[in-house]
Amino acid sequence: MILHCNSTEFLHNHIFNHSSRDISNTPFIRYKEFTLLYANSQEWCRECVTIFPLKELLSCLEYKVTGDLKDFMINRFIDHSKQIEEGDIFVSETGNRVFIEEAIQNGAKAILTEYFIHDCSVPQVILPTDMHLFKERISLMTHKLYGRNIKTIGITGTNGKTTVASFIGQLLMQQQKSVCIIGTLGVFVNGQKLNRPFRSNTTLPFYDFLQVVKYCFEHKVEYIVLEASSQGLLDNRLGIYPIDVGVFLNIGKDHLEFHGGMVPYKKSKELLATLSKQIVINDDDEWCRSIAEKTELPVIRFGERYTNDVIYQKADYSSEIVHYKYIVRDKEVQLKMKNSGYYNGMNIAAALASLSGLNIPLEDIKVLTLPKGRLEQIPNENGLEVLIDYAHTPDALEACLSTISSYAKKDIYVVFGCGGNRDKQKRKGMGEVATKYATKIIITSDNPRDERPEDIIAEIVSGVSLSKVMIEPDREKAIILALSTAQKGDVILIAGKGHEQEQITNGLVVPFSDHHVVRNYLDESGGLITKNDPVA
């Protein structure tokens, strides 16, 4: 039955009279063609676009409305002025006049703010002390209106979030499920990147995240898989949005300059448990086990011990193709993929445990692929194995290099640097890891920001055997040095940037891609294999 809506009164009367659900005090319908579907023997509007009742969100909070805001029904709350469309409310937590004026020009119907704005041409909703409570309410209402029928998986850990999110997404799609992945690489729905003006944070800003949930509702997406970074959790970017499964992978040294040490860093990541209905933990990681010990939530464990819910059986890493084997709740699961090492075997285990927590059957599992910039191989005719990876912590670099060393027959080159204005403690550790596994080390720049590249390199070198080291601060020249020096059969790992498309130096953000440098060099030297080549 399809109805064309001419008024909210008609819609309210129709649904009130034909549904057993009491909606008499819940205004929620926007003018739009909609379809009534059957669910639990009740007629309910599944296709209409639900909108937020502002008065309900503000109830019992300290607020004031200035100007003539007649319509308290809000389609979207947006805190990025360039995303504003006609009828949105612009959320201004900084009071920046430039952004406010841009939002008004783009069609904002009102401004939601903590501070009164002088000479504002649109109504204002002022929340001087209760903005955090408002965000909590809107996150719960977003779940109630849009996300209640969408299962959400949140993943945290120092390393592996992007890969585990990708593996979960691939496994769900293999089971014919519709899935959205939100993370470092962007927002993807069923494998296709969503072309929307969302910001590029690993964990999306709060109001961007709400838009994604709404989009998923409108497009019948069944699962949301998101990366929950320590900064994102600490910044409350998820509000108190309920997470069906919270996944804890590991802990290592990263972002300590932001958090001020390991203790607050761990506590930030542990916030995911406060949002979750159940958790998945890496039983081989001491920090993850401590979370399980402290929680009263249901816990699903993965790791090598036979007592785990998902048991990772060690594989043979000496071959190019590895058969990964698992026991998932007493059932054997096998899959094969290009050798990506022990740590990706654990990432697969985390993905399997997450699906187990959602009672998703694991049938006909096909080959899984690593996401862009994760041990990504660049085909070439020069006989080199060229790998690009995002590894920018000692643990992540060791995971990559230990994998390579398990099968490499000749020299292992590694090109890497460390970010400026970031945790200095890990620089020496990165150098020590490189010395342990690589035979040729080229130390270079990786987003030096406001620091001198030479100073960063000096700290890395303090952990390196100088007999193996070449230093080239220019990252493009460093990559070309490795490509031009390596011999047939050698492996080159270019680490630190992975999928990234820019380099940050002295406050300037300039386009830069490890992929482009490698491909341009190989193309000019005649060694690049493209999709059009018969041997590709």
Review point. Stepwise, does the side chain to side chain contact (heavy atoms under 4.5 Å, CB included) test hold for Thr403 with Tyr317?
Key: CA-CA 8 Å; Thr403 297; Tyr317 305 112; over 6 Å; no
**Study point:** Carboxylate-amine/guanidinium proximity below 4.0 Å for Lys338 and Glu385
**Key:** yes
Check your understanding: Side chains of Val225 and Ile182: does their closest heavy-atom pair fall under 4.5 Å?
Key -> no
Check your understanding: Thr435 versus Lys468: any side-chain heavy-atom pair under 4.5 Å?
Key -> yes
Point to revise | Thr162 OG1 to Phe167 CZ distance, which is reported to the nearest 0.5 Å | key: 11.0 Å
Point to revise | Candidate pair Asp283 and Arg289, rule side chain to side chain contact (heavy atoms under 4.5 Å, CB included), full reasoning | key: CA-CA 6 Å; Asp283 192 62; Arg289 290 197 302 272; 3.6 Å; yes
Review point. Atom CD1 in Ile441, atom CE in Met470: separation rounded to 0.5 Å?
Key: 9.5 Å
Review point. Is the ring centre of Tyr312 less than 6.0 Å from the ring centre of Tyr342?
Key: yes
Point to revise | Approximate separation, where rounding is to 0.5 Å, of Ser139 OG and His143 NE2 | key: 10.0 Å
Review point. Can a donor-acceptor pair be found between the side chains of Gln501 and His515 at a distance below 3.5 Å?
Key: no
Practice item. Output the distance between atom CD1 (Ile181) and atom NZ (Lys193), rounded to the nearest 0.5 Å. Key: 12.5 Å
Exercise for review: Using side-chain hydrogen bond (donor to acceptor under 3.5 Å, both in side chains) as the criterion, point out the one residue from Thr203, Thr184, Asn201, Thr156 that pairs with Glu227.
Suggested key: Thr184
Point to revise | Ion pair Asp389/Arg374, N-O distance below 4.0 Å | key: no
Exercise for review: Might you work through the side chain to side chain donor-acceptor pair (under 3.5 Å) test for Ser290 and Glu286, ending with a clear yes or no?
Suggested key: CA-CA 6 Å; Ser290 73; Glu286 182 179 357; over 6 Å; no
Exercise for review: Taking the side chain as every heavy atom from C-beta outward, state whether Ile494 and Val386 have any atom pair closer than 4.5 Å.
Suggested key: yes
Revision key, fill the gap. By side chain to side chain contact (heavy atoms under 4.5 Å, CB included), Leu358 pairs with (sequence neighbours left out) Lys151, Ile153, Tyr223, Asp244, Val245, Ile360
Review point. Yes or no on salt bridge (charged side-chain N to carboxylate O under 4.0 Å, His left out) for Glu451 and Arg427, after CA distance, side-chain angles and deciding distance?
Key: CA-CA 13 Å; Glu451 290 192 65; Arg427 294 173 184 175; 2.7 Å; yes
Point to revise | Ring centre gap for Tyr241 and Phe209 strictly below 6.0 Å | key: yes
Review point. Hey, would you say the His392 and Tyr390 ring centroids sit under 6.0 Å apart?
Key: yes
Review point. Do Ile412 and Val414 come close enough that some side-chain heavy atom pair is under 4.5 Å?
Key: no
Review point. Which atom names give the shortest non-hydrogen contact between Ile251 and Asp395, and what distance separates them?
Key: O-OD2, 4.0 Å
**Study point:** Side-chain donor or acceptor of Gln278 paired with backbone N/O of Gly357 under 3.5 Å
**Key:** yes
Check your understanding: Is the count of non-hydrogen atoms from other residues, nucleotides or ligands lying under 6.0 Å from Glu332 atom CD greater than 12?
Key -> yes
Review point. Taking it one step at a time, do Gln211 and Gln83 satisfy side chain to side chain donor-acceptor pair (under 3.5 Å)?
Key: CA-CA 11 Å; Gln211 291 183 65; Gln83 295 177 2; 2.8 Å; yes
Point to revise | Aromatic ring pairing Phe77/Tyr207, orientation class (parallel under 30°, perpendicular over 60°, tilted between) | key: tilted
Check your understanding: Is Met337 close to Ile348 at the side-chain level, that is, under 4.5 Å between some pair of heavy atoms?
Key -> yes
Review point. When rounded to the nearest 0.5 angstrom, what distance separates OG in Ser462 from NZ in Lys428?
Key: 5.5 Å
Practice item. Answer yes or no for Lys269 and Phe248: cation-pi contact, defined as NZ/CZ to six-membered ring centre under 6.0 Å and angle to ring axis within 45°. Key: no
Practice item. Step by step, work out the side chain to side chain donor-acceptor pair (under 3.5 Å) result for Thr163 and Asn347. Key: CA-CA 7 Å; Thr163 299; Asn347 287 337; 4.6 Å; no
**Study point:** Heavy-atom side-chain contact between Arg519 and Leu522 under 4.5 Å
**Key:** no
**Study point:** side chain to side chain contact (heavy atoms under 4.5 Å, CB included) between Glu304 and Ile311, worked out
**Key:** CA-CA 5 Å; Glu304 291 189 14; Ile311 304 167; 6.0 Å; no
Review point. Heavy atoms, side chains only, cut-off 4.5 Å: are Thr142 and Tyr146 in contact?
Key: yes
Practice item. State, with a plain yes or no, whether a side-chain heavy atom of Lys497 is found less than 4.5 Å away from one of Asp446. Key: yes
Practice item. Quick one: do Cys180 and Val212 satisfy side chain to side chain contact (heavy atoms under 4.5 Å, CB included)? Show the steps, please. Key: CA-CA 9 Å; Cys180 171; Val212 175; 3.8 Å; yes
Study note, to complete from the structure: The reported gap from CG in Leu226 to CG in Leu204 (rounded to nearest 0.5 angstrom) is 8.5 Å
**Study point:** Step-by-step side chain to side chain donor-acceptor pair (under 3.5 Å) determination, Tyr324 to Gln334
**Key:** CA-CA 6 Å; Tyr324 291 100; Gln334 295 189 37; over 6 Å; no
Study note, to complete from the structure: Contacts of Arg329 meeting side chain to side chain contact (heavy atoms under 4.5 Å, CB included) (sequence neighbours excluded), chain-then-number -> Ile300, Asp309, Ser356
Exercise for review: Under the salt bridge (charged side-chain N to carboxylate O under 4.0 Å, His left out) rule, what do Lys426 and Glu432 come out as? Steps first, then yes or no, please.
Suggested key: CA-CA 10 Å; Lys426 68 182 181 182; Glu432 291 172 344; over 6 Å; no
Point to revise | Audit row: Asp514, Arg475, salt bridge (charged side-chain N to carboxylate O under 4.0 Å, His left out) steps and yes/no | key: CA-CA 9 Å; Asp514 289 350; Arg475 190 173 180 90; 2.9 Å; yes
Point to revise | Candidate pair Lys436 and Glu398, rule salt bridge (charged side-chain N to carboxylate O under 4.0 Å, His left out), full reasoning | key: CA-CA 9 Å; Lys436 181 179 179 181; Glu398 181 165 26; 3.1 Å; yes
Exercise for review: Tell me, please, which residues at least two apart from Ser445 pass side chain to side chain contact (heavy atoms under 4.5 Å, CB included).
Suggested key: Pro448, Pro453, Pro473, Gln503
Revision key, fill the gap. Paired with Asp208, the salt bridge (Lys or Arg N to Asp or Glu O under 4.0 Å) test is passed by just one of Arg237, Arg199, Lys214, namely Arg199
